[in-house]
Amino acid sequence: VNYMYYSKMAAERIYQYNPDAKIVICLRNPVERAISAFKYCIRNLSENETNFAKAIERELEGNLIAEEEGDLAYLKHGNYVEQINDYLKYYPIENIHYLLFEELIKDQSTKELNGLFDFFSISKNVEIDFTHQNKSGKVKSGFLNYLLRKDYPLKGVRKLIPFKYRRRWGSLMRENNISTEEIDVSITNKDKQRLIDYYKDMIVEMESIINRKLGNKWCYKIHENTH
């Protein structure tokens with residue numbers, strides 16, 4: 001998501017590299033994106049707060065240090081309108097294609113992909129691998145997760161292994177250490193509703209930019225107990 005989060009810098013650099021580039025932007029419900037990012041950061045040991053409401057409050061109060069902005073700014077990452085407008089400063093509408101994450105994964109739908117193929121004028125006669133990558137599942141071994149992600153004195157020994165092998169083996173070990181269990185964090189319906197209220201005006205504006213209805217998909221209402 002960094003090409004979106006750092007859109008002011010990324011859009012200009014992409015344009016300088018190729019002013020005729022075709023840009024593909026995959027958009028996810030910002031509420032679910034924020035929750036998923038929170039779980040992801042907990043798993044990666046970059047987030048020490050297990051209470052989602054407190055993590056959001058920390059961001060709203062401006063208590064993130066510069067080093068944390070890239071990963072722990074859960075709300076800011078979902079401000080898509082500001083990010084997309086940075087690309088629209090450089091590229092015409094016809095050079096930007098939008099994918100909806102929820103539609104892309106629903107029933108392994110090819111509808112979104114067919115639109116993408118048309119955008120690039122390429123054949124639709126291909127087999128698609130819908131394997132879910134980069135899941136935010138619970139780790140199987142907390143000790144192994146710590147060894148793979150944190151710095152400690154003996155970690156310098158790994159430099160004895162050639163980088164290409166070290167990177168490949170590390171990636172495989174991290175991937176194999178992820179289970180199908182959900183990460184256990186504190187997220188209530190009240191927390192979700194707070195995010196929906198935070199994003200709802202942005203979502204309405206998004207509809208006019210990408211010319212697609214998002215209300216029923218993203219701007220839902222929590223009707224159950226919100227306490």
Side-chain angles (χ1 to χ4, degrees), residues 1-11 13 25-80 82-83 86 101-102 105 131-159 161 163-192 194-196 198-199 202:
V1 298
N2 284 344
Y3 75 100
M4 287 291 287
Y5 184 67
Y6 298 106
S7 55
K8 285 180 171 54
M9 182 185 299
R13 287 184 173 181
I25 298 176
C26 186
L27 301 166
R28 184 178 186 179
N29 182 332
V31 175
E32 299 301 329
R33 196 221 66 80
I35 293 171
S36 178
F38 177 62
K39 292 180 179 180
Y40 181 81
C41 288
I42 286 178
R43 190 190 73 196
N44 287 0
L45 304 180
S46 57
E47 175 62 86
N48 297 318
E49 178 60 69
T50 58
N51 185 292
F52 185 62
K54 291 181 179 179
I56 293 301
E57 199 63 39
R58 177 188 60 200
E59 181 180 352
L60 289 172
E61 292 176 355
N63 291 330
L64 289 175
I65 61 176
E67 290 78 7
E68 297 173 332
E69 277 283 343
D71 291 327
L72 309 185
Y74 307 117
L75 294 177
K76 194 172 181 180
H77 271 289
N79 290 330
Y80 301 142
E82 178 182 347
Q83 298 161 9
D86 286 329
F101 174 82
E102 290 78 16
I105 65 172
T131 303
H132 189 171
Q133 303 288 346
N134 205 26
K135 298 179 182 178
S136 295
K138 191 175 183 179
V139 297
K140 297 174 184 176
S141 168
F143 178 68
L144 178 59
N145 191 47
Y146 178 87
L147 292 179
L148 291 170
R149 300 183 186 279
K150 285 292 187 178
D151 289 326
Y152 50 90
L154 291 178
K155 199 168 185 178
V157 176
R158 68 178 186 167
K159 294 182 180 180
I161 304 172
F163 177 74
K164 65 177 181 179
Y165 297 116
R166 187 170 74 236
R167 183 176 183 181
R168 185 185 307 165
W169 294 340
S171 178
L172 284 173
M173 285 190 288
R174 284 192 294 270
E175 184 177 334
N176 291 330
N177 194 39
I178 299 173
S179 72
T180 57
E181 295 182 46
E182 283 286 325
I183 296 175
D184 186 21
V185 295
S186 175
I187 300 175
T188 67
N189 283 342
K190 185 176 181 179
D191 296 333
K192 290 183 179 181
R194 184 181 187 186
L195 264 65
I196 292 168
Y198 175 87
Y199 285 121
M202 186 274 295

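Predicted model, so just to flag it, every value in this text is computed and none were measured.
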Please check if the side chain of [X] supplies one atom and the backbone of [Y] the other of a donor-acceptor pair under 3.5 Å.
| X | Y | answer |
| --- | --- | --- |
| E47 | L72 | no |
| D86 | A11 | no |
| E59 | Y74 | yes |
| N44 | S46 | no |
| Y80 | R28 | yes |

Over all heavy atoms of both residues, which pair between [X] and [Y] is shortest? Give the atoms and the distance, please.
| X | Y | answer |
| --- | --- | --- |
| A34 | F52 | O-CE1, 4.0 Å |
| P30 | G78 | CB-O, 3.9 Å |
| E102 | N29 | OE2-N, 2.7 Å |

With rounding to the nearest 0.5 Å, note down the distance linking [atom1] in [X] to [atom2] in [Y].
| X | Y | atom1 | atom2 | value |
| --- | --- | --- | --- | --- |
| R194 | I196 | CZ | CD1 | 13.0 Å |
| F101 | R33 | CZ | CZ | 11.5 Å |
| L195 | K190 | CG | NZ | 13.5 Å |

Inset, instruction - Would you indicate whether E82, at its atom CD, is surrounded by more than 12 heavy atoms from other residues, nucleotides or ligands within a distance under 6.0 Å? - result: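 Counting neighbours around CD of E82, 12 or fewer heavy atoms of other residues, nucleotides or ligands fall under 6.0 Å, so no.
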Inset, instruction - For atom NZ of K140, decide whether the heavy atoms of other residues, nucleotides or ligands shown that lie under 6.0 angstrom number more than 12. - result: yes
Inset, instruction - Inspect the contact between E182 and K39 and indicate whether a charged nitrogen and a carboxylate oxygen are less than 4.0 angstrom apart. - result: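 A salt bridge is present here (some side-chain N lies under 4.0 Å from a carboxylate O).
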Legend entry - Electrostatic pair E61:K54 at N-O distance under 4.0 angstrom: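 The answer is no: the pair does not qualify as a salt bridge.
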Legend entry - Stepwise side chain to side chain contact (heavy atoms under 4.5 Å, CB included) check, M173 with N176: CA-CA 5 Å; M173 285 190 288; N176 291 330; 6.0 Å; no
Inset, instruction - For K138, check side chain to side chain donor-acceptor pair (under 3.5 Å) against everything at least two apart and list the hits. - result: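 Partners of K138 by the side chain to side chain donor-acceptor pair (under 3.5 Å) criterion come out as none, since no residue qualifies.
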Do the side chains of [Y] and [X] get nearer than 4.5 Å, heavy atoms only?
| X | Y | answer |
| --- | --- | --- |
| E57 | E49 | no |
| I56 | D191 | no |
| F38 | I183 | no |

Inset, instruction - Let me see the working for N79 and Y199 under side chain to side chain contact (heavy atoms under 4.5 Å, CB included), right down to the final yes or no. - result: CA-CA 8 Å; N79 290 330; Y199 285 121; 3.7 Å; yes
Inset, instruction - Could you give me the CA-CA distance, side-chain angles and deciding distance for L75 and L60, then say whether side chain to side chain contact (heavy atoms under 4.5 Å, CB included) is met? - result: CA-CA 8 Å; L75 294 177; L60 289 172; 3.4 Å; yes
Inset, instruction - Apply side chain to side chain contact (heavy atoms under 4.5 Å, CB included) to the pair Q83 and I25, showing each step before the final yes or no. - result: CA-CA 10 Å; Q83 298 161 9; I25 298 176; over 6 Å; no
